Every structure is written in structure tokens, then in C-alpha cells.
J.: 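The structure under discussion is supplied below as C-alpha cells; questions concerning it will follow.
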Amino acid sequence: MPAFGGNISFNAQHSPMGAFFSFTCGHFATRGGMAAELGKPANQDLFIGIKEGGRRAHAPLKCLPFFGSAAPGGVDAADFVGEQAGPAEQNAQPRVLAYKREDIQRRYGWATDRWETADFAFSIYTPFGEIADPEAATAAELRRQLLPAVLAELEVDNRSGRDTRTAIFAVNFNEPGWRPIAGGASRGGFGLRRQYGILGEAAGAAAPTLFCRWSPEQGVMEPGAHLLGSCPGLAMEVPPGERRMLRLALGCYLEGIVTTGLEGRYLYTKYFGGLEDVLHTALDFGDPAVACAAIDARLRRSGLSEDQQFLIAHATRGYYGSTQLLEVGGEPFWVVNEGEYCMMNTLDLSVDHMFWELEHNPWVVKNLLGNFVRRYRFMDRLKPGGAAAAESLPGGISFTHDMGVHNNFSPPGESSYELADLPGVCFSHMTAEQLCNWVLMGATYVSLTEDAGWASQNGVILEACLESLQRRGGNSGIPEYDSSRCGTGAEITTYDSLDHSLAQTRNSLYMAVKFWAACLGLAIVFERLGDAGAAERAREQMRRVERTVLAQVGEEGVIPAVFEKQSSGYHSRILPAAEGLLYPWAWGHDLSRHGELVEALRRHASALLKDPAKRNLFPDGGIRLSSTSNNSWQSKIAIFMHVARQVLHLDQDPDIAALFRQADIAHAAWQTDGSGYWACSDQFINGKAIGSRYYPRVITTALWMRGNGRDDAKA
């Protein structure tokens, strides 16, 4: 695995699947560590490094720079001895030297994150793959797949040395409650209360030594582990002439009911008896390097550039850090939390996550669709004439923006996000788009799994969705009305913090093409079910959309973002116009049957990318989704670039191909430089992460691994 060539000072989430738990580290001079259900990096100082000599030698520690620049906070020895404190107690600041950036190499693969210095190497392994359907899987399968832990290795090669060296791994939790974890003759560890733990073993050697004082330098030199201390750790001495490795299991265990609204517990608690069981099992599974190396190699063989590979690897970690598999009422309940916001199953993210999930865990998409139908669907009415109209028309079925927030399930038919009577954009209702999202997820699920039984069972819901699309689309086929749920406000889209170019639902180009795709998807599903009448109604609505969009094509092939000349969005130029083409491409649908629409979108996107004024590019070459907003989402850029390459074939133009190469370079730098502390982030302004941080949706970059509508990247 080659050394990473960019800025290596960036956090990454290292997470098991479905545990909503991360061990976060990598950003220099800041804190990280272990946290579950947090939505941001933890507040722990990590001391990972080495000292010359045995553990009691008077030598400074040299550690990776994964701790705060200030002295650790909290209680220290001086707080107990008061006036009797001597020099040692008065100054508990750790004597720790941080490696300089130029003395560290980082190798960042799809499942392996490795730091190397002249003295040691530290690797974290996060393999991923299938989560079997709990209703059909064996306990042994789920015990391995749902293990809420990751493995790390600290390697010291002292074969050419003349003196002993001591490797340490220590954590200042910066909160009370650490405890020893028994490991027997060969293992030792420590934890924070009952929730988090670290268990280590030194291959071919005695168990690592547990220590604790108020700093790692102090603790490693003193005998025993003081329970009043704040910085526990493990030490491993490496005699001259030997090479040793400290293997570490870093895990969590959250027992009992963890949610409100619906009572849910982590499904892994069904297969593990507690934190100690988790940690010992992780070490019992043995060497993780071989499996992770195979996953890393798959990404390297993809033919993608180093920047594209980095974005995929970074996004995969961000996605799994937000995943949560619960058991609710004896049934599995899949949740992907929305990064720093911790909203649960945000539907406009779910529609983007599904391409990854359908390759690895198709059942979770069915699980999510069913839970939205059972608890988070509703019926609304429509407001004619925009936001000011008092009368209403029949509306139809739709679905909420999300299912709740911070482990609190919202009441049936309600989300944590949406509010009525708002004068602005954010926090209004996304009714039309969420209807499209559920339909597109259902159509994609049926297409890629061929589960006609699901479609048949949900036939009434699918019919209701078609009727709802027809009513919202009116004669034009595109959203003409706002939902009555908005009150005096107006409907918005997933681009909620942009201007009207993309945030407005009514008469929106972005939403028009998404409506088109939803109608096409329903037509295909109804044809599969043998319902020719419903299929034709869906196709007629789709044709209305095509006619409406084509009538808006202007000079140079550019289509206005909003089909209202009085709107500021009328003059905006948006690249997500083409986003709706992703779905029929994924279904394997012959898009040449819609050649006029596809060609119009191709000309539109080409004109925007080759605009001499570069209104859809940032100064660094990154892609600006809207010409009138500095706000761009990495996940949506990834979708657009994929459609541009695979559907519109715009990269056959050498100028656009070069533009995309520079964009990939810029987007990688957005993550390492503009979001270094926040790990994988989605929402950027001029290359700096300003929202949607610690985020899962950038998993859309994994679409780039696909060349034919199916995922070539399945691990």
C-alpha cells in the first residue's frame, strides 16, 4: 500500500458495522478516541508511541501527535495533596514529544490505516462486508459481522537495537471512570465504565503491563495502576534483537434499551454477553491484516486515481461510523444516523446510501422502506398558487424527512426536522422529494434484487405513490404545489441551505428530473407486476415531465434552475439537473428511449462545465453545484460526476476529462485540509467544511467503482 501523498493530518473514523461507534484519530494536536452515539470526535488524548529503555527508564515518550497541545484537563495528583505537593505533583503535564509531520508516513487504504515512523508502526483495521439478514443468518455469522470492535496493532522492530525499547498505548479519557479489564496470563486491558474498552495481547510474549497515573510518562514508570489516575495505558517492552507486536481490540458495549419513542436495543447485545466478551472475541478472531489487505487491493485495482481512491476509502469509514442495527419489538431495525446531526434514517440520505447497501446488505433497504410505510407515512393536501394560497387541493401519500434524532424516535407521521410556517428555507417540509425518494428506493430495490414479492405486497402503497405524484405534478408533470404541511411556508429539497436554485421544490429543474425518474421507476415496477394500466399512467406522467423540461431549454442548451421567471433561481445554473438519470442507469434501463431528454441534459451539463466564466467551478477547480451559491455537497458532486461519466459520457471531451481530474484533486484536499478534524464531511463552502460533518452520505463516491450498473467493489 503506497504512502499517502497529500496532507496526512486528518481524522478518520474507524468503525465496526452497525454499532454507531468510532475510534477516531489522525488529526494532529487534537483529541479523538472512542465514542458511541456522539456525532463528532471524542475528547480523549491518545498516546501511541515509544520510549528508549525499559518502562522505568528516565526517557521521554515519543508519540504520534494525537493529543491536545495543552496539558490534559481534569483531576491530577496536586488536587489531592494540596500544600504538601512537591515538584512532581505540582507539574503533572506529560513529558511527551510528538513526532513531526515530516517524520511520519501514512498509508490509507480501504480497510487499513497505517502510520509509520523510524521507531514503530501503528495500524488500524476496519474490514467491512455483508451483514446477513438477521431473520435468516446463524448466530455465528452475526457474532462475527456485528462485533462492536475494531483491531489495531502497534509494531516495534528492535532487531538492530542495542537497548530495550518500550511501546505504549494510553488514553487520557478526560473524564472519570476508568477501570482495569482482566485478561488472564496473556492479555490485559482497561475501559471506561461499562461502555468502552481496550484489550491487548503481545504475540509470543507476556501480557502487556497495565499502568495508570495522571500522565502516560508518569504512569509507565510507576508500579501498579492507580484507580484515581486519569490516563490508563498498556506497555510492552521489546528487548534488543526482537520484533514484537501489541495487538489491541478497541470496542464498545451499550446494554439495554437505548432509544425512546420506540424501545430499541443494539442487536449485537443478543450475541455478546458484555464488553469483555466483545474484546476477547475480537482478539480471538486473530490477524486482521490479510482480510484488510485484500479489501485494500481491490480498491487499488479499480483503475481510479489516487484522489478518487482516497475519497472512497474516507467515505466508507464515514458511512459505517453512522450505522446502527437495533432490535425493536424482536425485529431488526436498520438506522443510518446523519453525521453530526444524528437524525435517524434521513430519507434524502437513504436514497443515496442505497446503492452501497444494495450491493452489501439488500435486506436493510427493504427494512427501511417497510419502517417508513409502517410508521412514517402520512397524507397531505396541496396549496395552489404558491405559499400564500388559503385553499387546498387533494394531495396524497408521502413520507417524513427522518425517523427521529439522537436515538429518540419521533411520533408516527412526524420527523425531527420539518416545521410549518417558516419564512426561510431550512427546516421546512420536503414532502415531494421524500415521496420521490421512497419510490426511487423501492424501484431500485425491486430492479436490483428482482424481489417481485415485495412489490406485490406493497402494490397499494405504490398505487398511492403514483396518484400522489400525479396530483403534485398537475398538467406539467413537475411539482407545481407546496404541501399543506408547510403552512405559510414553501416546500424545500435536500439542498436546504442553498438559495432557490436548488432549495425550492416548486417548478424546480432538479425536482423535475427526479419526478421523471420516479414515474419511470413506477412504470417499470407496474409492468413487472402485470398492471398495464398503472404502468401507462406512470409513463404518461413521465412524458409530461419530459415535455415541460424540453420546453425550458434556452440559449446554448442551458436550462433554468427554476421555471419561474420572477424567481432569482431562474438565472441560476445547476449541475444536479442530471442527478435523476442515475436511477434508470442503475436499473439497466435503455436511456436511448429518452434520447431527447438525455441529450438536453448532456448539453446543459457540458455548457456549465465549459462556461468561460467558470461559474460552476471554485478557484481550486472543485465543482460548484449551483452557479449562485458557494455551498456544495461532496456526495452530490460524486453523483453528478458519475452520471457525467457513465451516462452522459462527458469525459470523452479532453477538456472536461482534465477538469474532472483537477476536481478530484481539489475534493480530496477539501477533506484533508478543509475537514481535517471532522473526518469525512459533506457540505463545503470554498473548500472548508461548514456543515454535514462526520457524515455518511459521501459513500456515493463508491459509485465510481461501477462501470455497468452493478457494483464491482463488493468486498
Side-chain angles (χ1 to χ4, degrees), residues 1 3-4 8 12-16 21-26 32-34 46-51 61-66 99 104-128 144 147-159 165-171 181 183 186-190 196-210 216 232-239 242-251 278-297 313 317:
M1 187 166 60
F4 184 71
I8 64 171
Q13 293 181 255
H14 304 92
S15 307
F21 164 74
S22 291
F23 176 70
T24 302
C25 65
M34 296 186 293
L46 306 176
F47 299 101
I48 305 165
I50 197 169
K51 69 182 293 185
L61 300 178
K62 292 180 64 179
C63 292
L64 294 171
F66 301 158
Y99 282 89
I104 306 170
Q105 280 194 330
R106 187 173 187 177
R107 304 180 189 276
Y108 195 69
W110 210 358
T112 308
D113 193 2
R114 180 178 175 89
W115 293 265
E116 296 174 351
T117 73
D119 303 311
F120 67 89
F122 179 68
S123 305
I124 306 176
Y125 299 101
T126 49
F128 57 87
R144 176 175 285 274
L147 175 72
V150 298
L151 287 173
E153 292 177 344
L154 179 56
E155 307 166 62
V156 178
D157 189 343
N158 200 21
R159 287 176 293 185
R165 287 179 155 183
T166 301
I168 74 152
F169 181 96
V171 180
I181 293 179
S186 62
R187 294 171 177 175
F190 59 92
Y196 308 122
I198 297 166
L199 187 67
E201 63 180 5
T209 301
L210 175 66
L234 298 173
M236 175 185 69
E237 292 187 345
V238 184
E242 293 194 19
R243 176 181 178 274
R244 288 187 179 176
M245 178 186 68
L246 176 61
R247 181 171 292 154
L248 301 157
L250 304 99
V278 166
L279 299 175
H280 280 287
T281 300
L283 291 178
D284 289 344
F285 282 151
D287 184 4
V290 174
C292 290
I295 297 173
D296 297 337
R317 289 179 170 87

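Because the structure is a prediction, the values reported are computed rather than measured.
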J.: Can you find a heavy atom in the side chain of Asp157 that is under 4.5 Å from one in the side chain of Val238?
T.: no

J.: Looking at Tyr99 versus Phe120, is the centre-to-centre ring distance below 6.0 Å?
T.: yes

J.: Would you please classify the geometry between the Trp110 ring and the Phe128 ring as parallel, tilted or perpendicular, with 30° and 60° separating the classes?
T.: perpendicular

J.: List the residues meeting salt bridge (Lys or Arg N to Asp or Glu O under 4.0 Å) with Glu116, not counting sequence neighbours, and say none if there are none.
T.: Arg107, Arg114

J.: Hey, mind stepping through Ser22 and Arg317 against side-chain contact (heavy atoms from CB on, under 4.5 Å) and telling me if it holds?
T.: CA-CA 9 Å; Ser22 291; Arg317 289 179 170 87; over 6 Å; no

J.: Does a side-chain heavy-atom distance below 4.5 Å link His14 with Leu250?
T.: no

J.: Minimum heavy-atom separation for Gly286 to Arg247, with atom names?
T.: C-NH1, 3.8 Å

J.: Go through the steps to decide whether Phe285 and Leu147 satisfy the test side-chain contact (heavy atoms from CB on, under 4.5 Å), and finish with yes or no.
T.: CA-CA 10 Å; Phe285 282 151; Leu147 175 72; 3.9 Å; yes

J.: Are the side chains of Pro148 and Phe21 in contact, using a 4.5 Å heavy-atom criterion?
T.: no

J.: When rounded to the nearest 0.5 angstrom, what is the spacing between CD1 in Ile104 and CZ in Phe4?
T.: 14.0 Å

J.: Measuring from atom CD1 of Ile181 to atom CZ of Arg187, what distance do you get when rounded to the nearest 0.5 angstrom?
T.: 12.5 Å

J.: Can you tell me how far OH of Tyr108 sits from CG of Asp296, rounded to the nearest 0.5 angstrom?
T.: 11.0 Å

J.: Are any non-hydrogen side-chain atoms of Leu154 and Ile50 less than 4.5 angstrom apart?
T.: no

J.: Are any non-hydrogen side-chain atoms of Arg244 and Val156 less than 4.5 angstrom apart?
T.: no

J.: For Thr166 versus Ala235, what's the shortest heavy-atom pair and its separation?
T.: CG2-CB, 4.1 Å

J.: What closest approach, in Å, do Ala149 and Ala282 show between heavy atoms, and which atom pair accounts for it?
T.: CB-CB, 4.1 Å

J.: Give me the atom names and distance for the closest heavy-atom approach of Ser123 to Glu155.
T.: OG-OE2, 4.0 Å

J.: Rounded to the nearest 0.5 Å, how far apart are CD of Glu237 and CG of Asn158?
T.: 11.0 Å

J.: Can you name the nearest heavy-atom pair linking Leu199 to Gly183, along with the distance?
T.: CD1-CA, 4.3 Å

J.: Out of the candidates Val150, Thr112, Asp113, only one should pair with Thr126 under the side-chain contact (heavy atoms from CB on, under 4.5 Å) rule; please name it.
T.: Val150

J.: Do Ile8 and Trp115 come close enough that some side-chain heavy atom pair is under 4.5 Å?
T.: no

J.: For Pro232 and Phe190, which heavy atoms make the closest approach, and how far apart are they?
T.: CG-CD1, 3.5 Å

J.: Which value, rounded to the nearest 0.5 Å, describes the distance between Leu61 atom CG and Lys51 atom NZ?
T.: 6.0 Å

J.: Verify side-chain contact (heavy atoms from CB on, under 4.5 Å) between Leu248 and Leu234, making sure each step is shown before the conclusion.
T.: CA-CA 10 Å; Leu248 301 157; Leu234 298 173; 3.9 Å; yes

J.: Give, for atom CD of Glu153 and atom CD1 of Ile124, the distance between the pair rounded to the nearest 0.5 Å.
T.: 11.0 Å

J.: Test side-chain contact (heavy atoms from CB on, under 4.5 Å) on Ile168 and Ile48 and set out the steps.
T.: CA-CA 6 Å; Ile168 74 152; Ile48 305 165; over 6 Å; no

